[in-house]
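First the structure, in the form of structure tokens, and then the observations on it.
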Amino acid sequence: MGYVLYDFLSSGNGYKCRLTMKALGIPYEYVHKDIVAGESRTPEFLAINPNGKIPVLVVPGRGPIAESHAIINYLAEGTALMPADKYQRALVWQWLCFEQYQLEPGVATVRFMLHYMNQSEEELGIRYTDRFQRGAEALAVLEKGLAGRTWLVGEDASLADIALFAYTHVADEAGYRLSDYPGISAWIAEFKKLPWYSPITAP
Ligand SMILES: N[C@@H](CCC(=O)N[C@@H](CS)C(=O)NCC(=O)O)C(=O)O
């Protein structure tokens, strides 16, 4: 028995885990949970993750891991996706923390509310305005972080690129205009050339 990933295809958090396993050539079983239909909130799923959220990776012989960045770090520790250099590793963590606190709560939340829950900007009111602004600020920081660079940390793609790419490349689904960010647009194009790149729609 190998790794099992509980996931929802359009989830950027799940996508980070799928991309990491594809990059490292790790096989896994994909188990779809329709979060819009509440499938991550059933008693069976809550026994796996009491937080009621995907993604969850079940490690054979050990147990489940929740939280996308805990999962990708578990998978990538000691590989080329996580720099051997201590300072560069800290920079990867700097981007991972930034993603979870600023980019994901902005871009991903707005995308989910508008695109998957079919809620309108008017109906969401201040919740929309706040979240959208948070996402816009995060995209501006990412644009600056990419100035003069191909990848976020070091000379090669790392977990930082995987984690930030996941929701950034679909930010237009949240109403942002990616063409306004030339650095981000060039980085997205470069990311899509990676031999292990696969789209968010692929299990
Ligand atoms: N910080 C968590 C966030 C996980 C999360 O928000 N998952 C969402 C989908 S992207 C979910 O399962 N939502 C369904 C729910 O809360 O019922 C991570 O990085 O994995």
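Indexing begins at 1, ligand by ligand and atom by atom, following the structure's order.
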I'd like to check Gln88 versus Met82 (side-chain heavy atoms, cut-off strictly below 4.5 Å). Are they in contact?
no

Salt bridge (Lys or Arg N to Asp or Glu O under 4.0 Å): pairs with one or both residues in residues 177-196, sequence neighbours excluded
Arg177-Asp180, Glu190-Lys193

Under 6.0 Å between ring centres: does that hold for Phe191 and His169?
no

Salt bridge (Lys or Arg N to Asp or Glu O under 4.0 Å) contacts touching residues 98-124 (sequence neighbours left out):
Lys16-Glu99, Arg111-Glu173

Qualifying salt bridge (Lys or Arg N to Asp or Glu O under 4.0 Å) pairs, either residue in residues 60-77, two or more places apart:
none

With a 4.0 Å heavy-atom cut-off, what residues sit around ligand 1?
Ser11, Asn13, Ile35, Ser40, Arg41, Gly52, Lys53, Ile54, Pro55, Glu67, Ser68, Gln100, Tyr167

Is there a side-chain contact between Trp187 and Leu152, using heavy atoms and a 4.5 Å cut-off?
yes

